[in-house]
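Below is one structure; the comments refer to it alone.
Just so it is clear: chains get the letters A, B, ... in the order the sequence lines come, proteins before strands, and each one is counted from 1. Here the structure is a predicted model, which means the values were calculated and not measured. Just so it is clear, the values below take in all heavy atoms, side chains as well, and ignore hydrogens, waters and symmetry mates.
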Amino acid sequence: MELSAKYNPSQVEDKWYAYWLEKKFFHSEPDERQPYTIVIPPPNVTGILHMGHVLNNTLNDVLIRKARMDGKNACWVPGTDHASIATENKVVARLKTMGINKTDITRDEFLKYAWEWKEEHGGIILEQLRKLGASCDWDRTRFTMEPALSDAVIATFCYFYKKGMIYRGVRMVNWDPVALTAVSDDEVIHKDTQSHFYHLKYYISDGQGNATDQYLVIATTRPETIMADAAICVNPDDERHHWLRGKKVIIPLINKEIPVIEDDYVEMDFGTGCLKVTPAHDAHDYEIGMRHNLPILEIIDDHGKLNEKAQILVGEDRFVARKKIAKMLEESGNLVKIDDYTSPIGYSERTDAVIEPKLSAQWFLKMEDLAATALDSVESGKIKFIPDKYRNTYRHWMENAHDWCISRQLWWGQRIPAYYLPDGQIVVEETAEKALEAAQKINPAYTAADLRQDEDVLDTWFSSWLWPISVFDPERPGHPEHEPNKDLAYYYPTNDLVTGPDIIFFWVARMIMAGNEFMKDIPFGNVYFTGIVRDKIGRKMSKTLGNSPNPLDLIEKYGADAVRIGMLLCSSAGNDIFYDESQVEQGRNFCNKIWNSYRLVQGWKVDESLAQSEVNKVAVKWFENKLSQTVAAVEDHYSKFRISDALMSIYKIFWDDYCSWYLEAIKPAYGEAIDKATFDATNKFFEALLKMVHPIMPFITEELWQSMETREAGATIMFEKTPSAGQVDADYITGFEMAQEAINGIRGIRQQKNISPKEALELKIKGAFPAEFIPVVEKLANTSSVETVADFGEATGVSFMVRTVEMFVVLGGLVNVEEEIAKLEAELKYQQDFLASVRKKLSNESFVAHAPEKVVAIERKKEADSLSKIESYESQLKALRK
RNA sequence: GGGAGCAUAGCUCAGUUGGUUCAGAGCGUCUGCCUUACAAGCAGAGGGUCGGGGGUUCGACUCCCUCUGCUCCCACCA
């Protein structure tokens with residue numbers, strides 16, 4: 001078969017992926033083998049593939065393919081996440097383009113549109129993952145909102161409710177005025193934001209509600225909330241403000257009288273030491289309000305606009321109102337000054353809207369016990385984090401975990417199974433029928449019509465945290481009495497989780513909680529945290545910056561294997577990835593190198609009658625050893641999740657050792673044949689290399705493995721065993737290295753003296769050069785003769801050292817004696833200095849007394865080697881100066 | 001404000017309990033080659049006083065202190 005000079009991935013990838021699918025190679029069923037399980041971090045159902053996914057899923061695929069070749073029953077469960085806020089936003093946006101407002105349609109109608117959207121757009125990302133080569137068990141694809149998994153979520157809610165761990169309460173929550181829902185603390189991002197510090201005069205009341213001449217000054221960043229002030233608060237120890245005790249003050253513009261109170265919360269040296277207390281619109285003020293029984297007046301509505309209770313500026317957006325009220329206060333003489341001020345402001349992770357602290361009734365899950373157990377899972381080492389540093393982050397969060405606000409004011413998601421009865425009681429049951437039964441136990445007269453289900457849905461993470469359990473057996477969460485089914489019993493706990501550190505609390509921690517609660521066991525053994533993919537100048541990839549390439553375009557252009565390499569090359573665990581297309585090019589080049597190395601060997605003619613040459617014998621034996629050595633190194637790297645190091649080891653043995661050294665050493669002269677023994681060994685090596693590369697580059701390796709010889713029907717490299725490391729003869733490798741150094745030395749001289757590689761050179765060796773490797777030198781350095789001598793005699797040439805062996809290339813008139821002398825003198829000087837430093841060390845009694853014998857012996861060896869080199873340089877100099 | 005981490009070649013990073021001629025790798029750069037597997041290639045070369053300072057030690061890229069510069073996480077000073 002004639003092969004093109006370049007590897008063409010597009011012809012190869014779809015073919016083999018279809019083959020793998022058709023043969024169900026990715027599918028796993030429980031059997032007697034050891035399981036190796038990964039659950040995919042479910043991407044948003046409406047998401048499209050970005051570089052972060054590429055990184056994550058490449059790593060996952062490398063691990064799963066490696067495990068498969070190690071003989072484990074590898075199962076990678078794919079799926080998607082319903083992502084309630086993100087998806088609902090998209091559906092709302094789409095409805096808008098259709099001229100429909102969410103508020104104008106019913107919940108059921110909305111959900112119909114949402115499911116339509118999901119059917120159209122959902123799962124696109126899973127299709128895209130196939131292009132990357134992801135070997136997911138597609139038969140097991142799950143969706144967090146599919147009926148069985150939704151049931152699991154509902155059951156979980158009921159379980160915790162009945163355990164007394166879920167409660168409903170009015171709390172100050174983080175309100176997203178764009179998404180119109182509460183979000184959890186973790187979904188709020190604090191960003192330093194430029195704003196202003198408004199200093200306002202509040203006049204003291206005369207007791208009849210009239211302002212006196214006296215006033216105090218408060219400092220606030222939110223003047224638009226003054227109408228909701230319930231008090232002015234000062235620190236009880238602040239003597240400056242003692243005169244205010246028992247006084248009342250008048251809120252500007254609306255002339256409302258409020259008391260002055262005292263609370264330790266107020267910092268004396270911040271602002272003016274007087275704090276306006278607005279219990280409805282600030283979390284701390286709410287706490288103060290609770291302590292002092294202050295009335296709560298809400299003047300901002302769900303959309304972030306002032307309502308009629310504000311009395312003024314009704315209907316204005318909070319930020320517009322801020323500017324307008326500042327002007328009004330200025331006109332009324334209440335504005336003292338405005339300072340520039342930068343302070344951390346909370347933004348919604350999803351919509352980037354400024355979070356409005358808002359009182360509302362929400363559902364909460366108690367975290368204390370769950371967090372304590374989950375902390376122990378990691379502290380005890382049962383779960384390992386890679387890199388380890390994230391344990392600190394994890395511990396800190398777990399020790400300070402707040403109760404989890406699990407309700408969301410959305411429609412897309414699992415609806416909270418709480419039913420309100422006319423008498424105000426609440427029943428929580430998995431179904432409406434059961435709820436009715438429960439209600440009738442309270443009052444037999446109740447009918448279904450009397451039950452009003454809670455309008456809210458559950459936080460998406462409240463379903464994601466069950467993922468490692470629910471993908472296998474959705475009946476288990478919330479039902480401890482339900483025996484795990486066969487899948488769950490076999491695949492749980494999963495082995496490794498690959499994810500980003502940004503969701504360590506959202507997801508990782510909570511999966512650990514759910515695992516401990518429902519399985520009494522951890523959900524995974526190792527968590528590998530990837531970095532964030534950034535562009536080459538360190539910016540996060542984002543749509544708005546337009547610096548994120550479309551992975552599918554890259555795959556199209558360079559091939560999936562190249563894209564995978566490109567991601568892995570720069571990805572040590574936990575470090576951010578600085579992506580640059582040149583890395584993908586490097587991956588493509590590597591594919592091409594592999595391809596061409598195959599093309600070379602495949603074109604050779606084999607002559608069975610030919611005896612194996614010495615060079616070939618040496619090369620084969622050396623590469624056997626080198627391969628074993630590398631296999632061991634690669635295994636070690638994998639065991640430590642050092643994937644990019646594993647890749648680099650493989651890359652180097654393929655490119656440098658196999659292509660540049662081994663193949664060059666055994667390559668027959670043009671038109672000549674190769675002996676059978678070497679040819680067979682070469683194919684064996686190549687196959688072993690393909691297997692090593694396969695987890696990283698699945699497509700090209702399958703293509704070449706299939707091309708090497710006629711395989712049985714249904715064969716695949718996917719299930720071939722990972723090469724195992726044999727004994728390594730380190731001395732043999734060292735001997736070959738000396739040959740390499742000799743060859744490099746001669747090539748260097750050729751380069752310097754501008755001598756063509758075609759011109760054979762005469763080489764003399766003085767010292768203990770291992771004779772076995774001389775044929776390699778002869779072939780690769782192109783020597784006409786190699787002679788081991790006692791001294792170099794009268795010949796002129798250039799010498800160099802290979803360790804302690806002197807090499808001498810005869811060059812005749814090409815030598816510039818002055819130059820050589822200068823070079824040798826420099827080397828001699830260096831060596832003398834080196835010897836001096838070694839001797840200084842050795843004459844240090846303290847060193848000889850304290851350092852381990854081994855270290856001292858090494859120093860003595862250095863001394864001896866150095867002496868021998870000096871001697872050699874001196875004799876060469878002497879010869880040259882003659 | 002609290003906590004964590006990082007700083008090694010032009011770039012991205014290794015350097016595993018302090019000790020081999022240990023200062024490395026890949027990429028990039030420079031030089032010479034279109035040598036019949038591959039110019040997406042081959043062969044060679046240069047490049048860092050391991051962020052600054054101090055300390056411990058026979059010995060420090062490695063351990064301690066400090067300074068500087070960056071990054072991330074957490075956080076209710078209005």
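- The main-chain N or O of K626(A) is found under 3.5 Å from a side-chain atom of T630(A) such that the two form a donor-acceptor pair.
- Residue R642(A) has its side chain nearest to A14(B) when only A37(B), A14(B), A43(B) are considered.
- With respect to the salt-bridge test (charged N to carboxylate O, under 4.0 angstrom), the residues E737(A) and R803(A) qualify.
- In the set C74(B), U16(B), C72(B), the nucleotide with an atom closest to the side chain of R534(A) is C72(B).
- Taking the P atoms as reference points, U12(B) lies 15 Å from G51(B), given to the whole Å.
- At a threshold of 4.0 angstrom between heavy atoms, the contacts of K667(A) include nucleobase atoms, whether or not backbone atoms are also involved.
- To the nearest whole angstrom, the two C1' atoms, one in C34(B) and one in U71(B), are 47 Å apart.
- Remark: the separation of the C1' atoms in G48(B) and C13(B) is 14 Å, to the nearest Å.
- Using a 4.0 Å cut-off, some side-chain N or O of K593(A) falls inside it from OP1 or OP2 of C42(B).
- In this structure, T278(A) reaches neither bases nor backbone, as no heavy-atom distance under 4.0 Å exists between it and the strands shown.
- Taking only side-chain nitrogens and oxygens, K652(A) never comes nearer than 4.0 Å to OP1 or OP2 of A25(B).
- When heavy atoms are screened at a 4.0 angstrom cut-off, H396(A) is found touching the sugar-phosphate backbone but no base atom.
- Ring to ring, Y390(A) and F385(A) are not that close: their centroids are 6.0 angstrom or more apart.
- If you measure from atom CG of L275(A) to atom C1' of C77(B), you get 9 Å, rounded to the nearest angstrom.
- Out of G19(B), A37(B), A78(B), the shortest distance to the side chain of P852(A) is found at G19(B).
- In this model, a side-chain donor or acceptor of E664(A) finds a partner on the base of A37(B) within 3.5 Å.
- Each of W661(A) and T220(A) has a nearest nucleotide on RNA chain B; the 5'-most of these lies closest to W661(A).
- Among the heavy atoms of the strands lying under 4.0 Å from K869(A) is at least one base atom, whether or not backbone atoms are also near.
- Residue-environment remark: OH (Y830(A)) stays at or below the threshold of 12 foreign heavy atoms within 6.0 Å.
- If you check every strand for non-hydrogen atoms under 4.0 Å, A283(A) touches nothing.
- More than 12 heavy-atom neighbours from other residues, nucleotides or ligands sit within 6.0 angstrom of CD on E379(A).
- For C70(B) and C61(B), the P atoms lie 26 Å apart once the distance is rounded to whole Å.
- For N744(A), the listed nucleotide lying nearest its side chain is G44(B); candidates were A78(B), G44(B), A4(B).
- Contacts of E399(A) with the nucleic acid, taken as non-hydrogen atoms under 4.0 Å apart, are absent.
- Using atom P as the reference point in both C11(B) and U49(B), the two lie 13 Å apart (nearest Å).
- Between G2(B) and C64(B), the distance separating the two C1' atoms is 24 Å to the nearest Å.
- Nucleic acid contact for R747(A): sugar-phosphate only, since backbone atoms but no base atoms lie under 4.0 Å from a heavy atom of the residue.
- Within the nucleic acid shown, C659(A) comes within 4.0 Å of at least one base atom, counting heavy atoms only.
- A straight line from OH of Y394(A) to P of G5(B) spans 18 Å, rounded to a whole angstrom.
- One can place CD of E267(A) at 13 Å from P of G1(B), the figure rounded to the nearest angstrom.
- When the shell of 6.0 Å around NZ of K753(A) is examined, it contains more than 12 heavy atoms from other residues, nucleotides or ligands.
- Across all strands shown, G273(A) has heavy atoms under 4.0 Å from base atoms, whether or not it also approaches the sugar-phosphate.
- Under the 3.5 Å distance criterion, the side-chain polar atoms of T783(A) are left unmatched by any main-chain donor or acceptor of A781(A).
- Along RNA chain B, the nucleotide closest to H190(A) and the one closest to K6(A) are compared, and the more 5′ of them pairs with K6(A).
- In this structure, H284(A) does not count as stacked on the base of C76(B) under the 5.5 Å centre distance and 30° plane angle limits.
- Among the atoms of the strands shown, base atoms are found under 4.0 Å from some heavy atom of V266(A).
- Residue N400(A) places no side-chain N or O under 4.0 Å from the OP1 or OP2 atom of C74(B).
- Summarising the geometry, the separation between CD1 on I288(A) and C1' on C77(B) is reported as 11 Å, rounded to the nearest angstrom.
- Between Y658(A) and F685(A), the distance separating the two ring centers is not shorter than 6.0 angstrom.
- Checking each of V563(A), L569(A), N589(A) against V584(A) for a side-chain contact (heavy atoms from CB on, under 4.5 Å) leaves exactly one that passes, namely V563(A).
- Electrostatic pairing of D865(A) and K869(A) does not count as a salt bridge here, judged by no charged N lying under 4.0 Å from a carboxylate O.
- Distances shown here put a side-chain N or O of S660(A) below 4.0 Å from the OP1 or OP2 atom of A43(B).
- Taking the side chain of N589(A) as heavy atoms from C-beta on, and the options G5(B), A40(B), A43(B), the nearest nucleotide is A40(B).
- Residue K841(A) contributes atom NZ, which lies 12 Å from atom P of C22(B) at whole-angstrom precision.
- In RNA chain B, the stems built from three or more successive Watson-Crick or G-U pairs (distances below 3.5 Å) are B:1-7 with B:68-74, B:10-13 with B:24-27, B:29-33 with B:41-45, B:51-55 with B:63-67.
- Here U36(B) is the nucleotide among U36(B), A75(B), A78(B) with the atom lying nearest to any side-chain atom of Y670(A).
- When distances are taken from the side chain of T221(A) to each of A78(B), C73(B), U16(B), the shortest belongs to A78(B).
- Between the CD1 atom of I577(A) and the C1' atom of U71(B) there is a distance of 15 Å, rounded to whole Å.
- Checked by atom type, the side-chain pair S582(A)/E585(A) shows no donor-acceptor distance below 3.5 Å.
- Residue-level contact check: Y7(A) touches neither bases nor backbone, having no heavy atom under 4.0 Å from any strand.
- Taking the side chain to side chain contact (heavy atoms under 4.5 Å, CB included) definition, one finds that H196(A) meets it with Y198(A), I338(A), D340(A), sequence neighbours left out.
- With rounding to whole Å, E287(A) atom CD is found 15 Å from C77(B) atom C1'.
- Nearest nucleotide to the M648(A) side chain, out of C38(B), A78(B), G26(B): G26(B).
- Atom CG in N844(A) sits about 14 Å away from atom P in U57(B), given to the nearest Å.
- For F505(A), the side-chain atoms get nearest to C74(B) when compared with the rest of A43(B), C74(B), A40(B).
- Annotation for E399(A): atom CD counts as buried by contact number, over 12 foreign heavy atoms lying within 6.0 Å.
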Q) When every nucleotide of nucleotides 27-35 of chain B is labelled 5' to 3' by its protein contacts under 4.0 Å (heavy atoms), B for base, S for sugar-phosphate only, - for none, what sequence of letters results? A) S---BS---
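- Among the nucleotides C74(B), G5(B), C77(B), the one closest to any side-chain atom of F270(A) is C77(B).
- Taking a 6.0 Å sphere around NZ of K823(A), one finds it holds more than 12 heavy atoms contributed by other residues, nucleotides or ligands.
- Here T393(A) lies in heavy-atom contact (under 4.0 Å) with sugar-phosphate atoms only.
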